[in-house]
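One structure is given here, and the rest of the page talks about it.
Source: prediction; values computed, not measured.
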Amino acid sequence: MIEDIYEPLSRYRDEFREKFSRLTAEKFEELKQTSGVDVDANIKLVAEIRKLEALKSKIEQHHMLWGILCFLLIALGIAGLVILCIVIFAESHSFSKEWIIASGVAVAVCPLLFFCWSYPAFKAAGEKIEALAREIEEKIRLAWEQMAPLNALFAWHITAELIEKTVPRIQFDRFFTEARLQDLRESFGWSDQFNADKSVIHTHSGVINDNPFVFAELRRQEWTEKTYYGHLEISWTERVRNSEGKYETVRRYQTLTATVTKPVPCYLNDKVLIFGNEAAPDLEFSREPSDLSGEEGGLWNSIKRSHRMGQLKKFARNLDDDSNFTMMSNEEFELLFHAKDRNDEVQFRLLFTPLAQQQMVNLLNDKTVGFGDDFYFIKDKMINLIIASHLNDINFSHAPEQFAGYEFESIKSYFQKYNEEFFKAAYFALAPLLIVPLYQQTRPRAAIYGEKEKCRSAFWEHESLANYYGDSRFEHPECITQNILKTRCTARDSAGNATVEVTAYGFRGENRVEIVPVYGNDGKWHNVPVEWVEYLPVEQTRSMYLKDMPESKESGTSDGKNALWRRSIFSYLD
């Protein structure tokens, strides 16, 4: 029987952190043994590359210094020649005898030094740099060949499998299926309206005791403002009295500046954890990070806590509004979790037992193990949203190519670092949910998926695949911004393979000029032109073909040539 996790903070500190690190190291060692790469040969070759790179860097510095010297010799020679020409042809006597002698020496010596000394050294250094660059490039190519067997073994599913082995309660899907999405809709009341105007960049779905969760990175478009500047040079004449007391005409100059503020589109990526659970099915509440969490003692902190607690107690005693908020005995939990907008006290207490309250307080006050109080927790009946700021610092892509490299030690270090950071970020996003005993004890009523349904990918997966390929493959020719990519499955064949329409929504730019009157120091109004860009929507739809691969862990690998991604191969239809 899989053990429940009710104390996620201490379990991570005392067990999961070390276990995951060990499993990750063992997995890399397994990949290394399978690949059969010669690590010692790679270390030796990389050492040669680093030595050559250091030598190249040193010669580049010398090359730059020789270049400066060449420039100085040319400049001195030209300056000397100019002075002699002035003396000879203009019969100028403004230069002293010493200057004339120095100019003659410069004209005679600088070309000699340039052609016989500095330029040959400059040219030789450049040739040496080019030779070293070719040698380095060739050795790097050989190093890539050495690491090719290892690079080919990295796969999309590795990180998820490591997490599953570390925390068996957490199980990941191979990809986000239609059945998983349908279950969220029908069993838990999920609405696709949430991402109607967003595009899925990455998604990782799975279950905790058959309760579905989805880690999603979504791109959204908003409008912000940009200030454009325009300038106009004006001049006028004035009659002023000079130092002798006489009037004279002078010309004044001024640069007039005008501004206009116009809307511009901006694109933001948000990361969120979605969790469906039938426990407390009518409960709604929200909480946001508290500035009191993790605070040290002190007079000011005590004053803030006392003030906030007074407000909470006053809110609980208020019988004139529609709230049925009642304070729990654990005042520290109420102060830090601060979910005073909850609509059902009975169901709230079913979720947050005394043990759960204390574990939540520990999680929120933590400063050393996890990320502390950095998350929003929103419960809308059977849908739970966790929006944690630490997720924004984590790369959600498990793309195999990011692990590939030509230096064994760098590959090993990045593999370990990336997986440990992703596990920690995902685990502590799930931690507020794991704290609730009822969430792990409740199993959904929905039936377990059949194999036929499991192989069909949802539109979330289609959007993430389209974004993986990039805007440039789908965007309108006149588009000058990023795009929101939305997909629609238009057909499936008997094998379940799909034709998917991808529509890219972006903006083209139309240059405009706005005239802004500005008052000048000449006492007149002037029309200052300000150029700005109007962003007008454009869209383009292209189709791509999705072929679902057989159920196999090996199908998650990517060789970088046939665009194999997770269990799907895409090709574009003209």
Side-chain angles (χ1 to χ4, degrees), residues 21 24-25 27-80 105-154 158 393 395 397 399-421 470 557-561:
S21 179
T24 303
K27 181 63 178 180
F28 188 83
E29 182 64 23
E30 176 192 326
L31 294 174
K32 186 195 80 172
Q33 295 297 333
T34 304
S35 69
V37 297
D38 189 335
V39 176
D40 293 335
N42 180 258
I43 292 175
K44 180 180 178 182
L45 182 57
V46 170
E48 293 175 4
I49 292 171
R50 298 292 176 258
K51 185 176 180 180
L52 290 172
E53 288 175 339
L55 178 60
K56 179 171 173 285
S57 178
K58 185 177 181 181
I59 295 176
E60 284 174 340
Q61 293 178 1
H62 293 165
H63 185 253
M64 181 182 67
L65 293 174
W66 283 117
I68 293 173
L69 183 58
C70 287
F71 174 78
L72 291 175
L73 289 174
I74 293 173
L76 287 173
I78 292 175
V105 171
V107 170
V109 175
C110 286
L112 185 64
L113 292 175
F114 177 81
F115 288 107
C116 297
W117 179 46
S118 65
Y119 181 70
F122 175 78
K123 184 178 179 182
E127 292 173 348
K128 183 64 174 177
I129 291 170
E130 292 179 359
L132 285 171
R134 289 192 296 269
E135 187 176 0
I136 291 170
E137 183 180 356
E138 176 61 20
K139 288 186 178 294
I140 289 177
R141 186 188 65 78
L142 293 174
W144 275 104
E145 288 183 0
Q146 287 180 337
M147 291 295 101
L150 176 60
N151 291 333
L153 294 178
F154 293 120
I158 289 178
D393 300 326
N395 177 11
S397 173
E401 57 264 28
Q402 69 179 309
F403 301 108
Y406 68 86
E407 183 179 0
F408 177 81
E409 291 299 330
S410 293
I411 296 172
K412 179 180 179 180
S413 175
Y414 181 77
F415 182 85
Q416 189 78 25
K417 180 175 181 289
Y418 172 84
N419 283 292
E420 288 182 358
E421 288 182 349
T557 60
S558 172
D559 61 11
K561 294 181 180 179

Could you report the tightest heavy-atom contact between [X] and [Y], atom names first, then the distance?
| X | Y | result |
| --- | --- | --- |
| Y406 | N42 | O-ND2, 2.9 Å |
| G405 | I411 | O-CD1, 3.3 Å |
| Q146 | V37 | O-CG1, 3.3 Å |
| A399 | Q402 | O-CG, 3.0 Å |
| P400 | F154 | CB-O, 3.3 Å |

Point to revise | Which residues share a salt bridge (Lys or Arg N to Asp or Glu O under 4.0 Å) with E420, sequence neighbours left out | key: none

Point to revise | salt bridge (Lys or Arg N to Asp or Glu O under 4.0 Å) partners for E138, two or more places apart | key: R141

Check your understanding: Should we count OH of Y414 as having more than 12 external heavy atoms under 6.0 Å?
Key -> yes

Interatomic spacing from [atom1] in [X] to [atom2] in [Y] - rounded to 0.5 Å:
| X | Y | atom1 | atom2 | result |
| --- | --- | --- | --- | --- |
| F122 | E127 | CZ | CD | 11.0 Å |
| L52 | E135 | CG | CD | 4.5 Å |
| K139 | L45 | NZ | CG | 6.0 Å |
| E421 | N395 | CD | CG | 10.0 Å |

Point to revise | Residues R50, E53: salt bridge by 4.0 Å N-O rule | key: yes

Review point. Looking at E29 and K32, does any basic side-chain N land under 4.0 Å from a carboxylate oxygen?
Key: yes

Exercise for review: List the steps and the verdict of side-chain contact (heavy atoms from CB on, under 4.5 Å) for F408 and L150.
Suggested key: CA-CA 9 Å; F408 177 81; L150 176 60; 4.1 Å; yes

Check your understanding: Quick one: does F415's side chain get under 4.5 Å of I158's, heavy atoms only?
Key -> yes

Exercise for review: Verify salt bridge (charged side-chain N to carboxylate O under 4.0 Å, His left out) between K27 and E30, making sure each step is shown before the conclusion.
Suggested key: CA-CA 5 Å; K27 181 63 178 180; E30 176 192 326; 3.4 Å; yes

Determine all donor-acceptor pairs shorter than 3.5 Å in which one atom belongs to a side chain in residues 56-79; sequence neighbours excluded.
{"residue": "K56", "atom": "NZ", "partner": "E60", "partner atom": "OE2", "Å": "2.8"}

